[in-house]
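Read the numbers this way: they start at 1 and go in the same order the structure lists the ligands and their atoms.
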Amino acid sequence: MIDTHAHIDDEQYSENIAEYIKEQQACGVEKILIPCVDLLSLRRLSSLCDEYSDYLLPAIGLHPEEVREDYMSVLDEMESLLDSRKWVGIGEIGLDYHFDKTYVLEQQLAFRRQLDWALSRDLPVMVHNRDATEDCLSILEEYTSRGLSGVMHCFSGSHETAERVVDMGMYLGIGGVITFKNCKLSEHLRGIGIEHILTETDSPYMSPVPHRGKRNESRWMSYVISELSKVYGISEDEVDRITTTNAKRLFRL
Ligand code: NI
């Protein structure tokens with residue numbers, strides 16, 4: 001299995017990172033992709049990925065919740081680093097209207113500018129969407145029609161939204177949410193081809209049942225895979241094999 005979205009540059013992992021990585025490898029986690037949220041995380045994850053370069057793969061991008069007055073200069077700095085190393089993708093980028101709508105326009109402009117980076121460098125995107133589905137999907141449709149690919153990370157939307165995402169050739173990133181009680185995600189995925197599904201954790205967040213409330217770990221994707229095997233009526237090994245192949249295809253691993 002490949003964790004396509006894990007913030008293990010987070011301080012919660014820094015103390016025992018070597019041990020942590022060994023544990024994930026021992027449990028069958030092939031690779032971990034680390035999305036970027038701001039300039040601090042960019043510094044942290046860059047050095048982490050230098051140290052474990054065959055195992056941890058870095059993305060670059062400004063998270064929508066980190067878009068503020070200074071977003072243009074942050075994006076300028078990130079843009080100057082686009083060709084400085086191999087990035088696995090542009091992310092995590094997108095729109096988040098949940099807590100604060102002060103910077104909605106700025107979020108949209110930042111999103112578009114980073115989608116332009118992805119298109120011009122032929123990189124996939126890791127998209128964060130919260131309470132902004134219509135704006136997010138209509139912007140993405142403009143770009144996917146011009147060849148953009150990517151994943152809707154931490155997907156928890158409706159069946160109709162899932163269909164719209166796969167219709168534009170994008171993937172659905174499925175994490176711990178699918179294990180939550182009273183969660184309708186399994187139902188919403190029925191009829192959506194498994195060839196569009198990626199597994200992820202969003203570590204340290206979104207820990208699956210039975211580890212809710214703890215710091216998440218990539219190896220706990222096994223609980224997500226178990227739920228997906230029920231949705232698709234195939235073995236966990238098959239789910240693992242297919243979703244790993246999907247991740248390798250999208251991120252060209
Ligand atoms: Ni994230």
According to the interplanar angle, ranging from 0 to 90°, do the rings of His211 and Trp220 count as parallel (below 30°), tilted (30 to 60°) or perpendicular (above 60°)? parallel
So, do Thr4 and Val151 sit near enough that their side-chain heavy atoms are less than 4.5 Å apart? no
Output the atom name for the N/O/S atom of His7 with the smallest distance to the Ni ion (ligand 1). NE2
If I consider every N, O or S atom in Glu92, which one ends up closest to the Ni ion (ligand 1)? I only need its name. OE2
Is any side-chain heavy atom of Ser41 closer than 4.5 Å to a side-chain heavy atom of Glu66? no
Please state whether the separation between the Ni ion (ligand 1) and some N/O/S atom of Cys154 is under 2.8 Å? no
Return the name of the atom in Asp202, of element N, O or S, nearest to the Ni ion (ligand 1). OD1
Using a 4.5 Å cut-off on heavy atoms from C-beta on, say whether the side chain of Glu92 contacts that of His7. yes
Got a salt bridge between Glu187 and Arg190, using NZ or NE/NH1/NH2 to carboxylate O under 4.0 Å? no
Would you check if the Ni ion (ligand 1) lies under 2.8 Å from any N, O or S atom of His128? no
